[in-house]
Amino acid sequence: MALFQDAKDEIKRRSDLVDLVSQFVKLKKSGRNYIGLCPFHGEKTPSFTVSSERQFFHCFGCKKGGDVFAFWMEYHRVPFPEALKDLARRYGVDLPEGSFSVADKKKADIREKLFSINETAASYFAALLHHKVHGSNARDYLEKRGLSQEIIYSYKLGYAAGQWEGLVSHLRRSGIDLGLAAQSGLIISKNDGYYDRFRGRVIFPISNLTGQIVGFGGRSLDDSLPKYLNSPEGSLFHKGELLYGLHESLTAIREAGRVIIVEGYMDCLALRCHGIGEVVAVLGTALTEGHVRRLKGFALEAFVVFDSDDAGRAAAIKSLPLFLNEGLAARAVALPEGDDPDSYIREKGRSRFLELIEAAPPLFDFLLNLKIERISGLPEEKVAVMRELMPILCRLSDDALCSLYVRRLSQRLEMSEAVIWREVKKEHAGLGRENEGNCESQGPLMHVANDYGSDFHILNLMVYYPESFLELKNCKWPMLTGPVTAEIISAFFELFERKGKVVPGELAGLLQSEEANNRLREILLHPCLFPEESVSQAVMDFKEREQKILLKERIRDAKERGDLAELNSLLKLKGRMNRRELH
């Protein structure tokens with residue numbers, strides 16, 4: 001990796017981490033830093049912090065953090081070699097000739113080849129779609145569904161002929177390793193060779209956020225089952241995190257401040273054809289927390305389009321906790337019976353569909369309506385509905401919103417608000433016991449200060465007054481602090497020995513443990529605790545702390561040896577030190 005140090009440094013110099021992260025996470029200014037909801041775990045109170053000054057990020061909840069490379073690797077789920085290449089391309093940095101470790105190079109080469117194979121396959125499918133003879137049925141199907149040529153080309157739609165080895169033969173002629181093609185899921189191994197996974201289907205390439213093709217979906221043109229077929233799970237394709245059309249819709253989603261979530265490829269493309277750009281589709285699976293977590297970085301609100309059947313209702317019920325847990329406002333769009341987004345917008349038009357969007361109720365109201373529709377009005381049934389919705393109310397971090405929902409529940413169930421609030425308090429008490437010790441509401445930096453105590457103050461002084469902290473070089477830190485703090489302090493003095501100065505932000509490269517890296521990031525994000533005029537006194541206080549601990553050790557040693565003369569002398573010294581403190 002040493003070969004690439006100059007390139008890494010140049011990427012860090014050219015990049016702006018706040019600008020990069022804000023393309024995937026909504027950030028807002030908070031003091032010297034920027035905060036937002038963490039993209040790596042579910043939370044309702046922002047604990048994800050990006051330092052513009054020091055160019056690193058840290059989440060006080062899940063503890064993930066690091067520099068521009070760490071963010072790219074974690075968010076896009078790529079190894080370091082690929083992150084380095086991606087960011088080098090992004091910021092126009094040339095990588096030197098050389099190689100990574102054998103293992104890293106092998107992983108990176110395999111990923112690059114898999115992406116290349118997907119591109120080759122997408123070109124093959126697209127060529128078949130536009131072939132005068134072979135693609136005529138598929139073109140007729142897309143034309144009947146109302147897709148424009150612009151959409152067909154921009155989404156790279158294709159066609160897989162009903163041949164068992166059409167793609168296999170093309171890949172072989174292209175000199176592609178069929179074993180790797182099988183690893184991508186495009187072809188399937190059999191005893192005497194390979195055969196195509198997608199046959200007789202319209203093909204929908206699926207891209208990641210950087211626009212690389214990671215997999216494919218195929219829709220049958222006859223009665224073949226399954227009707228829709230996706231690439232299998234693999235190193236590139238994770239359908240629980242991917243959303244069809246997200247890469248193409250990012251700009252529209254940001255501009256609109258909302259995202260419309262539909263169930264199928266054709267639904268997504270139909271809305272795009274009618275000028276609605278802020279739309280994505282799930283890949284034949286239920287909405288997951290991974291999907292919602294991605295979307296909350298781009299949209300302020302989600303509109304989930306459900307079918308009117310029982311399956312659609314069940315999907316609505318399951319999706320509500322996902323949005324609440326991730327802190328993304330959501331509304332439910334229920335289509336008339338027998339309609340899907342594709343059929344509705346083609347028959348009724350764009351304006352009527354947008355009217356449904358504008359009139360969409362919050363998911364909570366939609367769910368409440370579903371529950372009330374199923375009861376006859378008996379008191380026991382109303383109480384059951386109230387208790388069934390109680391966990392959802394208690395997940396709301398917004399007190400004003402919770403109050404409105406309590407009022408709504410009271411009106412719809414004809415029940416006293418006071419009774420519902422008592423149940424809310426009971427539920428909160430239970431959650432409080434389950435989450436005892438969770439300090440998220442205190443604010444991340446206050447939590448750090450409470451946790452670290454005096455070690456926190458030592459490190460704070462070290463970060464903001466490194467020159468003064470050098471006066472404490474000869475202190476016996478492993479004895480005075482915890483092991484994590486001692487590791488950071490040891491790295492501090494090692495860096496000084498190497499460079500003759502200390503830039504606190506450079507310490508991370510010398511730390512071995514993840515705990516020490518976490519602690520350092522949290523210290524660097526906290527404002528200075530010491531006014532300049534109090535620094536000298538703080539240094540003296542830390543020296544005296546060392547003297548007290550050393551004296552305590554000597555007293556214990558004298559007691560163990562039975563040396564009464566030395567013990568008496570040490571106790572007198574302790575008394576003088578205590579008197580000095582009083583004065």
Side-chain angles (χ1 to χ4, degrees), residues 1-25 27 32-34 40 49-58 64-116 208-212 462-463 466-467 470 487-514 516-521 523-525:
M1 294 301 175
L3 290 170
F4 296 100
Q5 190 59 51
D6 288 344
K8 285 176 62 179
D9 292 343
E10 182 62 17
I11 289 170
K12 287 183 177 182
R13 189 185 70 78
R14 296 188 187 187
S15 64
D16 181 332
L17 189 59
V18 172
D19 178 64
L20 178 71
V21 172
S22 64
Q23 296 178 40
F24 306 100
V25 181
L27 298 175
R32 298 179 306 145
N33 304 314
Y34 292 79
F40 307 125
T49 306
V50 184
S51 170
S52 174
E53 176 187 354
R54 301 187 185 277
Q55 289 294 296
F56 71 83
F57 73 95
H58 180 76
K64 286 185 170 63
D67 60 10
V68 61
F69 296 99
F71 179 81
W72 194 265
M73 291 165 64
E74 187 69 33
Y75 192 84
H76 295 289
R77 295 181 60 166
V78 297
F80 174 75
E82 188 168 335
L84 181 62
K85 291 178 181 178
D86 288 345
L87 292 170
R89 284 194 296 267
R90 189 181 188 93
Y91 295 109
V93 175
D94 294 327
L95 294 180
E97 294 296 327
S99 63
F100 294 96
S101 69
V102 174
D104 284 340
K105 189 176 187 304
K106 183 177 180 180
K107 290 178 183 177
D109 286 346
I110 289 175
R111 285 181 65 87
E112 284 189 7
K113 287 176 181 176
L114 290 176
F115 282 125
S116 177
N208 60 19
L209 281 174
T210 59
Q212 297 165 300
M462 182 193 78
V463 164
E467 296 82 4
L470 289 170
E487 180 182 351
I488 298 172
I489 292 173
S490 175
F492 175 91
F493 289 118
E494 180 183 343
L495 189 61
F496 177 74
E497 290 294 328
R498 288 185 186 181
K499 295 190 172 183
K501 64 176 183 177
V502 177
V503 178
E506 297 178 359
L507 290 172
L510 300 178
L511 300 177
Q512 300 299 315
S513 71
E514 188 59 33
N517 275 292
N518 290 341
R519 182 78 59 89
L520 176 63
R521 288 193 297 267
I523 291 295
L524 289 172
L525 288 172

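Just so it is clear, the model here is predicted, and its values are computed rather than measured. Note that the numbering runs from 1 along the sequence shown for the chain.
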Practice task
Check the pair Phe56 / Thr49 against side chain to side chain contact (heavy atoms under 4.5 Å, CB included), numbers first and verdict last.
Solution key: CA-CA 9 Å; Phe56 71 83; Thr49 306; over 6 Å; no
Problem - Stepwise side chain to side chain contact (heavy atoms under 4.5 Å, CB included) test for Phe493 and Leu470 - result: CA-CA 8 Å; Phe493 289 118; Leu470 289 170; 4.0 Å; yes
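- Residues satisfying the ring pair (Phe, Tyr, Trp, His ring centres under 6.0 Å) criterion with Phe492, sequence neighbours excluded, are Phe469.
- Scored by the side-chain contact (heavy atoms from CB on, under 4.5 Å) test, Lys107 finds no partners at all (sequence neighbours excluded).
- Closest approach of Pro504 and Leu520 over heavy atoms only: O-CD2, 4.4 Å.
- Residues that satisfy the side-chain contact (heavy atoms from CB on, under 4.5 Å) test with Ala516, not counting sequence neighbours, are Val484, Glu487, Ile488, Leu511, Ser513.
- Residues Asp86 and Arg90 fail the side-chain proximity criterion, which asks for heavy atoms closer than 4.5 Å.
- Across Val93 and Ala7, no two heavy atoms sit closer than the pair CG1-O, 4.0 Å.
- Proximity of Ser52 to Asn33: side-chain heavy atoms (C-beta onward) are nowhere separated by under 4.5 Å.
- With sequence neighbours left out, the side-chain contact (heavy atoms from CB on, under 4.5 Å) criterion links Ser490 to no other residue.
- Residues Ser15 and Gln55 share a closest heavy-atom pair of O-OE1, 3.6 Å.
- Listed by chain and residue number, Phe80 satisfy the ring pair (Phe, Tyr, Trp, His ring centres under 6.0 Å) test with Phe69 (two or more places apart in sequence, or in another chain).
- The six-membered or imidazole ring of His76 lies away from that of Phe71, with a centre-to-centre distance of 6.0 Å or more.
- Residues satisfying the side chain to side chain donor-acceptor pair (under 3.5 Å) test with Asp67, not counting sequence neighbours, are Lys12.
- For the side chain to side chain donor-acceptor pair (under 3.5 Å) test, residues two or more places apart in sequence or in another chain that qualify with Glu10 are Arg13, Arg14.
- Not counting sequence neighbours, Asp16 has no partner by the side chain to side chain donor-acceptor pair (under 3.5 Å) test.
- For Arg32, the salt bridge (Lys or Arg N to Asp or Glu O under 4.0 Å) partners at least two apart in sequence or on another chain are Glu53.
- Annotation for Ala83 and Met73: closest pair CB-CG, 3.4 Å, computed over non-hydrogen atoms.
- Using cut-offs of 30° and 60° for the angle between ring planes, the Tyr75 and Phe24 rings count as tilted.
- Proximity of a side-chain donor or acceptor of Ser116 to a complementary backbone N or O of Glu112 within less than 3.5 Å is not detected.
- Among residue pairs with one or both ends in residues 492-504, those qualifying as salt bridge (Lys or Arg N to Asp or Glu O under 4.0 Å) are Lys473-Glu497, Glu494-Arg498, Lys499-Glu506; sequence neighbours excluded.
- The ring pair (Phe, Tyr, Trp, His ring centres under 6.0 Å) search around Tyr34 returns none, not counting sequence neighbours.
- In this structure the side chain of Tyr91 reaches within 4.5 angstrom of the side chain of Leu20, judged on heavy atoms.
- Partners of Arg111 by side chain to side chain donor-acceptor pair (under 3.5 Å), not counting sequence neighbours, listed by chain and number: Glu82.
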